[in-house]
Amino acid sequence: MRYIEFGTTKAKVSEVILGTMRIAQKAPEQVADLIEVALDSGINAVDTAPIYGPSEGLIGKAFACRPGLRDRVWLQTKLGIRPHPRVEANYFDFSYEHIMDSVENSLKELKTDHIDSLLLHRPDALMEPQEIARAFQELHDAGKVIDFGVSNQNPAMMRRLAAYLPFPITANQVQLSAAFTPMFDAFFNANMQNDAGIMRDGGILEYGAEHDMAIQAWSVLQHGYFGGVFLGDSDYQGLNDSLSRIAADHGTTPTAVAINWVLRYPAKMQAIVGTTRPERVRQSAAACDWTMTREEWYEVYLSAGNKLP
Ligand SMILES: NC(=O)c1ccc[n+]([C@@H]2O[C@H](COP(=O)([O-])OP(=O)(O)OC[C@H]3O[C@@H](n4cnc5c(N)ncnc54)[C@H](OP(=O)(O)O)[C@@H]3O)[C@@H](O)[C@H]2O)c1
């Protein structure tokens with residue numbers, strides 16, 4: 001496993017993070033087992049969010065049934081996605097009141113006295129940076145949250161927030177996989193007249209690298225927006241063939257290669273894996289065992305059906 005120096009404390013946090021969006025059907029004991037498998041594989045980081053149904057509560061119960069487990073884990077949660085009371089949809093809320101309430105509730109659910117990293121989950125159009133800064137300062141002063149970051153934000157949003165925040169934005173959690181590459185497509189096709197050249201993200205990867213923030217990739221094995229897993233999907237035959245060939249060369253699995261591909265970007269990259277199976281957690285941890293060559297990286301990008309100018 002490789003580790004990055006995360007945030008203001010330079011905590012040693014694994015490049016692979018255990019995501020817990022899909023653990024709703026698990027018992028607390030099974031969640032504790034999954035976390036233990038992750039720790040044994042070198043993964044010391046767990047990501048959750050209040051919007052992931054019972055996830056925070058299950059993690060809290062897992063901590064309660066395994067004394068000492070909480071202290072071995074670097075714990076990240078988020079806030080700001082709320083079910084709308086009247087419309088069947090979520091909406092976004094970065095108000096002072098919601099930030100404070102959400103963190104109190106997360107601490108209770110997670111049965112912990114502090115959160116290592118807190119992310120603003122999805123941008124709230126009505127966000128007022130001064131209000132967010134006040135909430136973050138109070139949470140930090142009370143020892144309830146160590147580091148603060150964002151998710152799904154572009155550089156313009158982060159710049160606006162950073163102008164008011166008393167701390168650096170330590171992480172941005174964004175979607176990236178070998179089969180979901182709009183950030184790279186726009187990069188390669190800069191100043192071209194084709195659709196791939198349309199920049200939708202405003203340079204998220206470059207901004208993250210420039211500001212030394214962790215860039216946490218979510219859905220590293222999915223295509224589209226929760227379109228499904230591309231591993232073994234015949235619509236992605238070329239990609240699967242490349243991943244298998246590279247895996248064979250390195251004595252590893254296509255899963256590990258796909259995650260290694262995401263981690264290869266030269267910045268503080270992390271990959272959040274969403275598997276609920278211990279064996280796949282181990283396979284994911286093996287993603288850090290070697291560094292992909294340029295030829296391998298470009299082979300994966302091209303075999304996913306992308307064209308380079
Ligand atoms: N910030 C955000 O907006 C945001 C959005 C989405 C997710 N996230 C975070 O990112 C984490 C990961 O997201 P994700 O769950 O979408 O990521 P993922 O790791 O790409 O997908 C996990 C899913 O893929 C399945 N899977 C894994 N390997 C497979 C294989 N070899 N063959 C077939 N199926 C396989 C898993 O099933 P098994 O359980 O059976 O292995 C699981 O259902 C989440 O837990 C959450 O923490 C953040």
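Both counts, for ligands and for their atoms, begin at 1 and track the order of listing. Being a predicted model, the structure only gives us computed values, none of them experimental.
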Asks: Give me the nearest non-hydrogen protein atom to atom 27 (C) of ligand 1 as residue plus atom name, then the distance to 0.1 Å.
Replies: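 Sorting protein heavy atoms by distance from atom 27 (C) of ligand 1 puts L221 CD1, 3.7 Å first.
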Asks: Apply the test ring pair (Phe, Tyr, Trp, His ring centres under 6.0 Å) to residues F92 and H98: give CA-CA distance (whole Å), side-chain angles for both, the deciding distance (0.1 Å), then the verdict.
Replies: CA-CA 10 Å; F92 311 122; H98 181 63; over 10 Å; no
Asks: Report the nearest protein non-hydrogen atom to atom 47 (O) of ligand 1: residue, atom name, distance rounded to 0.1 Å.
Replies: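 Here the nearest protein heavy atom works out to D47 OD2, 2.6 Å.
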Asks: Hey, would you say the H223 and Y236 ring centroids sit under 6.0 Å apart?
Replies: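 Here the rings of Y236 and H223 have centres that are less than 6.0 Å from each other.
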Asks: Would you name the heavy atoms of L39 and R72 that are closest together and state the gap between them?
Replies: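 That would be CD2-O, 3.3 Å.
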Asks: Could you list which atoms of ligand 1 come closer than 4.0 Å to a heavy atom of N152?
Replies: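 Near N152, meaning under 4.0 Å from one of its heavy atoms, ligand 1 has 1 (N), 2 (C), 3 (O).
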Asks: For atom 38 (P) of ligand 1, which candidate among R280, Q25, E279 provides the closest heavy atom?
Replies: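 That would be R280.
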Asks: F188 and Y301: aromatic ring centres closer than 6.0 Å?
Replies: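 So the answer is yes for these two rings.
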Asks: What's the shortest distance from atom 21 (O) of ligand 1 to any protein heavy atom, and which residue and atom give it?
Replies: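 So the nearest neighbour among protein heavy atoms is Q222 NE2, 2.8 Å.
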Asks: Is the distance between the ring centroids of F226 and W218 under 6.0 Å?
Replies: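 Yes - the distance between ring centres of F226 and W218 falls below the 6.0 Å cut-off.
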Asks: Which residue owns the protein heavy atom closest to atom 24 (O) of ligand 1, what's the atom, and how far is it?
Replies: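 It is V229 CG2, 3.3 Å.
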Asks: Report, in ascending order of atom number, the atoms of ligand 1 lying under 4.0 Å from any heavy atom of H121.
Replies: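 Reading through ligand 1 atom by atom, the close ones are 1 (N), 2 (C), 3 (O).
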Asks: Which protein heavy atom lies closest to atom 36 (C) of ligand 1, and at what distance to 0.1 Å?
Replies: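 Scanning the protein heavy atoms, the shortest distance from atom 36 (C) of ligand 1 goes to T275 CA, 4.1 Å.
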Asks: So which protein heavy atom does atom 15 (O) of ligand 1 come closest to, and at what separation?
Replies: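 For atom 15 (O) of ligand 1, the nearest protein heavy atom comes out as R22 NE, 2.6 Å.
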Asks: Check ligand 1 against G19 and write out every atom of the ligand that is under 4.0 Å from a heavy-atom position of the residue.
Replies: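 The atoms of ligand 1 under 4.0 Å from a heavy atom of G19 are 45 (O), 47 (O).
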Asks: Run the ring-centre check on Y91 versus H84 and record whether the distance is less than 6.0 Å.
Replies: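 Judged by ring-centre distance (under 6.0 Å), Y91 and H84 do meet the cut-off.
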Asks: Does an N or O from G274, backbone or side chain, lie closer than 3.5 Å to an N or O of ligand 1?
Replies: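 So ligand 1 has an N or O lying under 3.5 Å from an N or O of G274.
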Asks: Check ligand 1 against Y52 and write out every atom of the ligand that is under 4.0 Å from a heavy-atom position of the residue.
Replies: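 Close to Y52: 4 (C), 7 (C), 8 (N), 9 (C), 46 (C), 47 (O), 48 (C).
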Asks: Taking non-hydrogen atoms only, is S219 closer than 4.0 angstrom to ligand 1 via side chain, backbone, both or neither?
Replies: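 Contact part for S219 vs ligand 1: both backbone and side chain.
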Asks: Is R70 salt-bridged to D116, going by a charged N under 4.0 Å from an acidic O?
Replies: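 Yes, charged N to carboxylate O under 4.0 Å.
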Asks: What do you reckon, does R277 have a nitrogen or oxygen under 3.5 Å from a nitrogen or oxygen of ligand 1?
Replies: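 Yes.
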Asks: Please report the closest heavy-atom contact between S117 and F6, naming both atoms and the distance.
Replies: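 So the minimum-distance heavy-atom pair works out to OG-CZ, 3.8 Å.
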Asks: Mind telling me whether W261 and F184 have parallel, tilted or perpendicular rings, with 30° and 60° as the class edges?
Replies: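 Perpendicular.
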Asks: Can you tell me the protein heavy atom closest to atom 10 (O) of ligand 1 and the distance?
Replies: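 Among all protein heavy atoms, the one nearest atom 10 (O) of ligand 1 is W218 CB, 3.4 Å.
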Asks: What atoms of ligand 1 come within less than 4.0 Å of a heavy atom belonging to Q173?
Replies: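 Matching atoms, with element in brackets: 1 (N), 2 (C), 4 (C), 8 (N), 9 (C), 48 (C).
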Asks: Specify side chain, backbone, both or neither for T276, according to which of its non-hydrogen atoms lie closer than 4.0 Å to ligand 1.
Replies: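 Both backbone and side chain of T276 come within 4.0 Å of ligand 1.
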Asks: R245 and D241: salt bridge (Lys or Arg N to Asp or Glu O under 4.0 Å), yes or no, with the steps?
Replies: CA-CA 6 Å; R245 195 196 60 69; D241 290 347; over 6 Å; no
Asks: Check whether any N or O atom of R122, backbone or side chain, sits under 3.5 Å from an N or O atom of ligand 1, and answer yes or no.
Replies: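 No; every N/O pair is 3.5 Å or more apart.
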Asks: Is there a path of hydrophobic side-chain contacts, each under 4.5 Å between heavy atoms of I, L, V, M, F, W or Y residues, that connects M269 with I259?
Replies: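 Yes, M269 connects to I259 through the hydrophobic network.
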Asks: Taking the six-membered ring of F63 as reference, does the NZ or CZ atom of K111 fall below 6.0 Å from its centre and within a 45° cone about the axis?
Replies: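 That pair does not qualify as a cation-pi contact.
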Asks: Which of the atoms of ligand 1 are close to L231, meaning less than 4.0 Å from one of its heavy atoms?
Replies: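 Reading through ligand 1 atom by atom, the close ones are 31 (N).
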Asks: Would you say ligand 1 has an N or O under 3.5 Å from any N or O of M21?
Replies: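 Min N/O separation from ligand 1 is below 3.5 Å for M21.
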Asks: Nearest protein heavy atom to atom 11 (C) of ligand 1, by residue and atom, and its distance?
Replies: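 Result: I272 CG2, 3.5 Å.
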Asks: Quick one: sort the F136 and F148 rings into parallel, tilted or perpendicular, breaks at 30° and 60°.
Replies: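 F136 and F148: parallel rings.
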Asks: Enumerate the atoms of ligand 1 whose separation from the nearest heavy atom of F226 is less than 4.0 angstrom.
Replies: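 Counting from 1, the qualifying ligand atoms are 6 (C).
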